[in-house]
Each structure stands twice: as structure tokens, then as C-alpha cells.
Undergrad: 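A single structure is presented below for examination.
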Amino acid sequence: MTLNFAILGAGRIGQVHARAVAGTPGARLVAIADPVAAAAEVVKAAYGCDIRSIDAILASKDVDAVVICTPTDTHADLIERFVKAGKAVFCEKPVDLSLARVAACLKVVKAEKGTLMVGFNRRFDPDFMAVKAAIDAGQIGAVEMVTITSRDPGAPPHDYITRSGGIFRDMTIHDFDMARWLLGEEVETVQAAASVLTDPKIGELGDYDSVNVILRTASGRQAIITNSRRAAYGYDQRIEVLGSSGMVAAQNHGEHRMTFADKSGFHDAPLLNFFMTRYIAAYANEIAAFVGAVQHGTATPTTGEDGLMALALAEAALKSVAEGRSVKLSEVM
Ligand SMILES: NC(=O)c1ccc[n+]([C@@H]2O[C@H](COP(=O)([O-])OP(=O)(O)OC[C@H]3O[C@@H](n4cnc5c(N)ncnc54)[C@H](O)[C@@H]3O)[C@@H](O)[C@H]2O)c1
């Protein structure tokens with residue numbers, strides 16, 4: 001059965017998902033919605049789909065599933081409306097900026113027996129999947145320490161930052177999800193530090209651009225996350241997991257794998273510049289996983305509950321920064 005898709009929002013990530021849907025066997029891109037006509041036209045021109053309003057998509061019998069790629073503050077309402085309309089929903093992270101709103105939204109999804117997958121694309125990156133497979137196969141023994149380095153090449157536009165909920169809910173949320181996945185145990189305490197080092201305007205908007213977080217599980221496993229909104233050398237995405245009998249790591253991706261050497265040393269290719277290129281395979285894999293789950297009626301590999309837990313870690317990190325102490329996850333849940 002072919003799954004017919006509509007994409008809501010034709011911005012940065014909407015265009016990435018349009019490409020993934022169009023390239024996934026068993027999926028067909030039927031429609032795009034965006035109030036900015038020029039943005040919708042880009043997707044229509046590339047994939048030959050219709051441009052429709054949200055209301056028209058809700059009523060469309062030829063749409064089975066939607067991918068929500070609109071600004072964060074629209075996600076929870078859209079999830080509820082589309083689940084009630086009987087559509088399978090893939091929603092970009094985060095589900096909402098309020099834990100209470102996420103919980104209420106998940107209740108609606110459950111009551112409607114709806115399908116909701118949350119876009120934690122990094123779980124579908126081939127390198128990180130290999131790391132996880134090595135852990136699950138016992139290749140490094142028991143997991144003890146996870147180190148996640150995640151630095152963006154540059155900050156998003158200021159108006160995006162205003163609606164994003166801040167760095168912990170917008171950016172670190174991916175790393176919180178990765179940490180939960182790799183630790184294999186729920187986090188008990190969160191300690192965070194945050195600064196504005198790259199752009200004073202980000203501070204004026206009430207956000208941070210440079211953060212470090214230490215997560216600890218009940219058994220003592222730890223994860224360290226280091227984030228910056230600026231890495232002058234490109235999109236820096238590395239993971240290392242230390243276990244009782246070894247270590248497994250995934251390194252950065254360059255534009256190519258050629259190295260040349262001269263008197264000044266060895267030179268590698270520049271890093272892939274951002275998520276749109278670095279995670280192409282991950283976005284394709286996550287849409288394929290969503291299609292598979294809907295077609296076979298199985299659980300989606302990432303869920304609304306994963307979205308809730310990652311947001312709770314972001315809330316705990318914010319509280320830790322505000323109060324200058326280690327915060328138990330139970331204090332914010
Ligand atoms: N998983 C990831 O790697 C990843 C990467 C980037 C963004 N995101 C998430 O995706 C969401 C969108 O981010 P973005 O960077 O693409 O933003 P963006 O600003 O580039 O795009 C958002 C688009 O949505 C459109 N829009 C606004 N309201 C709409 C509505 N009611 N219906 C339809 N379209 C509407 C806007 O006109 C715009 O074109 C955010 O929640 C963000 O957190 C996830």
C-alpha cells in the first residue's frame with residue numbers, strides 16, 4: 001500500500017522531509033501547505049505535488065499521513081487536529097515548549113488511538129545506529145560514560161530563536177534524546193551551565209548559545225553534552241561511548257574523504273556544513289521507518305513519550321542553570 005503524504009511547512013526542515021518522502025519507496029508526496037506561497041512553490045516545483053491549505057489537507061481523502069514541519073508553537077494543535085482526522089502524524093521536535101501541553105497532546109493521541117512519531121533523526125543516522133548496535137551487541141561491555149559533541153556552524157535567525165523555546169528545548173533536545181538512547185537507562189539528575197559567547201543579541205532574546213550538560217542515571221552512568229551555536233569549522237557532530245570493556249565512537253563527516261599533505265601538515269576536507277547535508281541518510285531512514293510502522297501497524301521507533309522525556313531534560317537543564325545546582329528530573333515531571 002502506498003502511503004500518501006502531505007507536508008505542513010516548507011521551510012528548512014520541510015524541504016528536507018519533502019525530499020525524503022519523495023525518495024521513499026511506498027510513500028508519495030501529495031500536497032504541501034505553507035502560508036508563504038513562495039516556500040510552497042519551491043516544494044511543488046521540485047516534486048510536482050499540490051499546494052493545499054491545512055484545512056484542505058485535513059479534509060483530503062487522498063492524504064494518509066502528514067509531516068509537521070511548522071514552527072514549534074503550532075505542533076501540538078496540529079498533532080491533535082490531524083490525529084482526530086485519522087491521519088498518521090510524523091512531527092518535528094519538539095512537540096511543544098510546555099511539558100503540560102505535551103502531556104495533554106499525548107493524551108489526545110492515545111484517546112484517538114493515533115499514530116505519532118517524533119523527529120529525533122539522529123537515531124537513524126547510519127553511524128550512530130552502528131554505535132548503538134555495538135552497544136546492544138555487548139561489544140563495549142556495560143555502558144558507563146557517553147560524550148556527545150554537537151556544535152552548529154552558526155545560529156539560526158533571531159526570529160527563529162524567539163519562537164524556538166531556547167537552545168535547550170530547540171537544539172540540546174536532540175542530544176538529550178541521543179543520551180537517553182545510548183545510556184540505556186533513564187536520567188535521574190541534570191546539571192547544566194550556559195553562557196552567551198557568540199552573539200549578544202541571543203542573550204537579549206533571553207537565550208544562550210553555549211551550553212554544557214551532565215546527565216546521571218540512578219546506577220551512576222553519565223552523559224556529557226557540549227553544545228555551541230557556532231563552530232567556525234562546520235557542523236561538528238561526534239559521539240563517544242565508554243563501556244566496561246571498550247569504547248565506541250562516531251566521527252564527523254567531511255565533504256569528501258581525500259587527505260592531502262604538504263609542508264604545513266595533513267589537510268582534510270571541510271565538514272559537511274549543516275543538518276540538511278550531514279543527516280540526509282538519517283532523514284531518509286526515519287521517514288522510511290515511519291512508513292514501515294504505519295504500513296505494518298507496528299509501534300513507531302520514536303514516540304511522543306520520547307518527545308516528552310527529552311523536553312523534561314531540557315526543563316531540568318534550564319532549572320539547573322537558573323538555580324545553579326543539580327536538578328532531579330522528578331522536580332520537573
Ligand atoms: N529534526 C531536525 O533536524 C530539525 C531541524 C530544523 C528544524 N526542526 C524543527 O522543525 C520545525 C521548523 O523548523 P524550520 O527550521 O524548518 O523553520 P522555518 O522557519 O525554516 O520553516 C517553517 C515554515 O513553516 C511555515 N508555517 C508557519 N506556520 C504555518 C502553518 N500554520 N501551516 C503551514 N506552514 C506554516 C513558515 O511559513 C515556514 O516556511 C521547528 O519546530 C524546529 O524545531 C527540526
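Just so you know, these numbers come straight off a predicted model, no measurement behind them. Each ligand, and each atom within it, is numbered from 1 in the order the structure gives.
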Undergrad: Looking at Val16, Asp125, Leu272, which hits side chain to side chain contact (heavy atoms under 4.5 Å, CB included) with Tyr279?
TA: Asp125
Undergrad: Output yes when a protein non-hydrogen atom is found under 4.0 Å of atom 16 (O) of ligand 1, and no otherwise.
TA: yes
Undergrad: Do Arg163 and Asp170 pass the salt bridge (Lys or Arg N to Asp or Glu O under 4.0 Å) test, and can you show the C-alpha distance, the side-chain angles, and the key distance before you say yes or no?
TA: CA-CA 10 Å; Arg163 297 181 78 177; Asp170 178 58; over 6 Å; no
Undergrad: If you measure every N/O of Leu8 against every N/O of ligand 1, is any gap under 3.5 Å?
TA: no
Undergrad: Taking everything shown except Phe260 itself, do over 12 heavy atoms lie less than 6.0 Å from its CZ?
TA: yes
Undergrad: Enumerate the atoms of ligand 1 whose separation from the nearest heavy atom of Phe275 is less than 4.0 angstrom.
TA: 5 (C), 6 (C)
Undergrad: Heavy atom to atom 22 (C) of ligand 1, shortest distance: which of Gly9, Ala38, Cys69 holds it?
TA: Cys69
Undergrad: Give the contacting part of Leu78 toward ligand 1: side chain, backbone, both or neither, where contact means a heavy-atom distance below 4.0 Å.
TA: neither
Undergrad: So is Gln15 touching ligand 1 or not, going by heavy atoms under 4.0 Å?
TA: no
Undergrad: I'd like to know whether CZ of Arg257 has more than 12 heavy-atom contacts from other residues, nucleotides or ligands below 6.0 angstrom.
TA: no
Undergrad: Within less than 4.0 angstrom of ligand 1, does His75 place any heavy atom?
TA: yes
Undergrad: Using heavy atoms and a threshold below 4.0 Å, how should the contact between Tyr160 and ligand 1 be classified: side chain, backbone, both, or neither?
TA: side chain
Undergrad: At less than 4.0 angstrom from any non-hydrogen atom of His174, what atoms of ligand 1 do you find?
TA: 1 (N), 2 (C), 3 (O)
Undergrad: Take every heavy atom of Tyr279, measure it against each atom of ligand 1, and state whether any distance is under 4.0 Å.
TA: no
Undergrad: Side chain or backbone of Val16 under 4.0 Å from ligand 1, or both, or neither, by non-hydrogen atoms?
TA: neither
Undergrad: Measure from NZ or CZ of Arg12 to the centre of the six-membered ring of Tyr283 and say whether it is under 6.0 Å with the direction within 45° of the ring axis.
TA: no
Undergrad: Please verify the inter-ring angle class for Phe176 with Phe168; under 30° counts as parallel, over 60° as perpendicular, anything in between as tilted.
TA: parallel
Undergrad: Out of all atoms in ligand 1, which are within 4.0 Å of some heavy atom of Ala33? Include the element for each.
TA: 33 (C), 34 (N)
Undergrad: Under 4.0 Å from atom 3 (O) of ligand 1, do we find at least one protein heavy atom?
TA: yes
Undergrad: Nearest to atom 33 (C) of ligand 1 by heavy atom, Ile173, Thr70, Ile57: which?
TA: Thr70
Undergrad: Would Leu311 and Val95 count as a side-chain contact (heavy atoms from CB on, under 4.5 Å) here? Give the steps.
TA: CA-CA 9 Å; Leu311 184 67; Val95 173; over 6 Å; no
Undergrad: Does a donor on one side chain sit under 3.5 Å from an acceptor on the other, for Ser60 and Arg52?
TA: yes
Undergrad: Just which atoms of ligand 1 are under 4.0 Å from any heavy atom in Thr72?
TA: 40 (C), 41 (O), 43 (O)
Undergrad: Using a plain distance cutoff, I'd like to know if Thr74 has any nitrogen or oxygen under 3.5 Å from a nitrogen or oxygen of ligand 1.
TA: no
Undergrad: For ligand 1, which atoms have a heavy atom of Gly119 less than 4.0 angstrom away?
TA: 1 (N)
Undergrad: How long is the gap from NE2 on His158 to CG on Asp207, to the nearest 0.5 Å?
TA: 10.0 Å
Undergrad: Less than 6.0 angstrom separating the ring centers of His17 and Phe5, yes or no?
TA: no
